[in-house]
2 protein chains.
Amino acid sequence: MRDSELAEIRKLPLFCSMAEENFHVLTHAAYDQTFPAQVQLIEEGAVADFLHVVVEGSVELFADWQGRETTMAVVPPVSTFILAASIMDAPYLMSARTLGRTRIILLPSVNLRTMFQTDPNFAMATISELAASYRSVVRHTKNLKLRTARERLAAYLLTHATSGRRGASFTLPVEKRLLASFLGVTPESLSRLMKSLQDFGVNVDGQRITITDPSALAKIAILSPQMDGPDSNGVTTGIGLPDVNLEPKESPKYPIKTIKEAKLSLF
Amino acid sequence: MRDSELAEIRKLPLFCSMAEENFHVLTHAAYDQTFPAQVQLIEEGAVADFLHVVVEGSVELFADWQGRETTMAVVPPVSTFILAASIMDAPYLMSARTLGRTRIILLPSVNLRTMFQTDPNFAMATISELAASYRSVVRHTKNLKLRTARERLAAYLLTHATSGRRGASFTLPVEKRLLASFLGVTPESLSRLMKSLQDFGVNVDGQRITITDPSALAKIAILSPQMDGPDSNGVTTGIGLPDVNLEPKESPKYPIKTIKEAKLSLF
DNA sequence: CGAACCCTTGACAGAAATCAACTAAGGTGG
DNA sequence: CCACCTTAGTTGATTTCTGTCAAGGGTTCG
């Protein structure tokens, strides 16, 4: 594994407080792999042998049942996912696939579990990470149960148009179909909902969203700290589409092969 | 606090592995309170000063937004709730109210947080508890996103008719309105859904449910370990209606004042 | 160029919420 | 003990929301 990657991981909330020696033990047996787009990393129901760390690219967590499928979260770099399953030594509740070219670090769950015992700081960090994840899913669930589809979309757009000032503009971090699945609607419905929000100060041009009248939008979906964050406070593991840089990234870390890849690696 | 209560709490997964001395420290500053039915214990958005332990009765976790309200979980005795908020020293994401007469132990969050540092076993137990809670909410969310209302009800009835044998019968652990809210539908809808399931081997008589044809029900909602448990494996904190004794309890611990109370204290 | 995919749009069907009325049962108070 | 009130649950009529099916435009990619 490259030292530069290690340093990056070391900075994560989950690992930054643990003893250097222990970090070495943990990462010594780790794998470092790069995957192309749309590779399924994890199959729901399999046992969790590794904790995953997204270093570059991003990963979609999704679930399926009876032919239906839904997006549960998108994991941006640099962060971990499926911590809960790794700890419990339990079957995954969600599947995972890469969005765009993605580099993943794999840490054996066994090492993880023994590490709690030896490094109290790591145990503490794990607790924080899990608690944050838990709260994130609770927010997602509240969103689904208390808001209509249109309200969810409005809330999503508002929270992602940071500093809800007039004329705030941003690029959707994911394809609309994925956003639709995350919000719990079909792509067709999302399309119509977007359209219906045009009357409330939302301008849609492809992936580009411009909020021309935040106050009008706010009337549809009043934001609440208990539902709309702030939770992307650095520890954004778990559920919820992450915050992204609002302006298109000028200089991607690696050569643009396709526009699609460049777009998705925005995270 | 009564010794009998303390012993009960001590047995919980969260506390059983910690040092006796530390357990004393934790519970020394604890409050023991009994509340009547329908008392709001926690208001969404308030800061989490105490970890709560339900000793008798049960507690509903719910959330509201813009006049709407939804049930997120019902916490049975003996178990803890809102562990995540206590740890993070963060505002509650959910409100809580008693169902029936309920006895609660309150442990100061401050003690909790310092205890991680001193007792590794407690830290470990906290991790397990949180991971279990996290997985529980994920299941709930998948249920909401992947299943229709009718499928959710069918799945609920099937999982609660333990050993899905023909003629399995049980009493709903909560009022139908609460079940409806948990499943994400209105009481009216639940009523209709129940009726529509009569064609698939479900017999409804008040709170009494009898599954006359489990295989027919299973055709509507195929159960999945990744969505329907088993999660009530003793560490049932967090989200999800808990398993209950299937037969009506003959001898309640305290005198029956009203039928309503007796019914709700079934947990 | 053609195949595949994303997104959109239209027409329609189905699911679920809403509004309203009504029953039944419990609890209250005279 | 009975009249009254409150509440859970049901049922019906209706509207609203959302999914499904089908088709077409635009783009990417081999």
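Every chain is numbered from 1 and lettered A, B, ... according to where its sequence line falls, protein lines coming before strand lines.
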Please list each protein N or O that sits under 3.5 Å from an N or O in nucleotides 21-23 of chain C, with the distance.
none

- Query: Tell me: CD of B:Gln38 to P of C:dG26, nearest whole Å?
  - Reply: 18 Å

- side-chain hydrogen bond (donor to acceptor under 3.5 Å, both in side chains) involving B:Asp213 - partner list, sequence neighbours excluded: B:Ser215

- Item | Pair A:Glu43-A:Ser95, side-chain donor/acceptor within less than 3.5 Å | no

- Rounded (10°) bend between the five-pair end axes of the helix from C:dC1-D:dG30 to C:dG30-D:dC1: 40°

- How would you list, by chain and number, every residue that makes a side-chain contact (heavy atoms from CB on, under 4.5 Å) with B:Pro91, sequence neighbours excluded? A:Arg135, A:Gln226

- In whole angstroms, how far is the C1' atom of C:dT18 from the CZ atom of B:Arg68? 12 Å

- Query: Ignoring hydrogens and geometry, is there a side-chain-to-backbone donor-acceptor pair from A:Gln40 to A:Ile42 under 3.5 Å?
  - Reply: yes

- Message: Check the phosphate of D:dG19 against A:Thr186, side-chain N and O only, distance under 4.0 Å to OP1 or OP2. Yes or no?
- Response: yes

- Item | A:Gln198: partners by side-chain hydrogen bond (donor to acceptor under 3.5 Å, both in side chains), with sequence neighbours left out | none

- Send over the distance from A:Arg177 CZ to D:dT20 P, rounded to a whole Å. 14 Å

- Task: At under 4.0 Å between heavy atoms, which parts of nucleotides 10-17 of chain D does protein reach? Answer with one letter per nucleotide, 5' to 3': B base, S sugar-phosphate only, - none.
- Result: SBBB----

- Task: Report the residues that fulfil side-chain contact (heavy atoms from CB on, under 4.5 Å) with A:Ala46, sequence neighbours left out, ordered by chain and then residue number.
- Result: A:Tyr92

- Sequence neighbours excluded - salt bridge (Lys or Arg N to Asp or Glu O under 4.0 Å) pairs with any residue from residues 194-205 of chain A: none

Side chains of residues 183-194 of chain A: which donor-acceptor partners sit under 3.5 Å, not counting sequence neighbours?
{"residue": "A:Thr186", "atom": "OG1", "partner": "A:Ser189", "partner atom": "N", "Å": "3.2"}
{"residue": "A:Thr186", "atom": "OG1", "partner": "A:Ser189", "partner atom": "OG", "Å": "3.1"}

- Distance, rounded to the nearest Å, where A:Arg208 contributes CZ and C:dC7 contributes P: 17 Å

- Could you state the CG-P distance from A:Leu153 to D:dT18, rounded to the nearest angstrom? 11 Å

- Using only heavy-atom distances, determine whether the side chains of A:Arg208 and A:Ser169 contain a donor-acceptor pair under 3.5 Å. yes

- Message: Could you tell me how far apart B:Leu144 (CG) and C:dA16 (C1') are, to the nearest whole angstrom?
- Response: 14 Å

May I have the list of side-chain donor-acceptor pairs in residues 62-70 of chain B shorter than 3.5 Å, sequence neighbours left out?
{"residue": "B:Trp65", "atom": "NE1", "partner": "A:Ile222", "partner atom": "O", "Å": "2.9"}
{"residue": "B:Arg68", "atom": "NH1", "partner": "A:Leu146", "partner atom": "O", "Å": "2.7"}
{"residue": "B:Arg68", "atom": "NH1", "partner": "A:Glu151", "partner atom": "OE1", "Å": "2.7"}
{"residue": "B:Arg68", "atom": "NH2", "partner": "A:Glu151", "partner atom": "OE2", "Å": "2.7"}
{"residue": "B:Glu69", "atom": "OE1", "partner": "B:Arg97", "partner atom": "NH2", "Å": "3.4"}
{"residue": "B:Glu69", "atom": "OE2", "partner": "B:Arg97", "partner atom": "NH1", "Å": "3.3"}
{"residue": "B:Glu69", "atom": "OE2", "partner": "B:Arg97", "partner atom": "NH2", "Å": "3.0"}
{"residue": "B:Thr70", "atom": "OG1", "partner": "A:Lys145", "partner atom": "NZ", "Å": "3.3"}
{"residue": "B:Thr70", "atom": "OG1", "partner": "B:Ser181", "partner atom": "O", "Å": "3.2"}

- What residues, two or more places apart in sequence or in another chain, satisfy side-chain hydrogen bond (donor to acceptor under 3.5 Å, both in side chains) together with A:Arg147? A:Asn143, A:Asp228

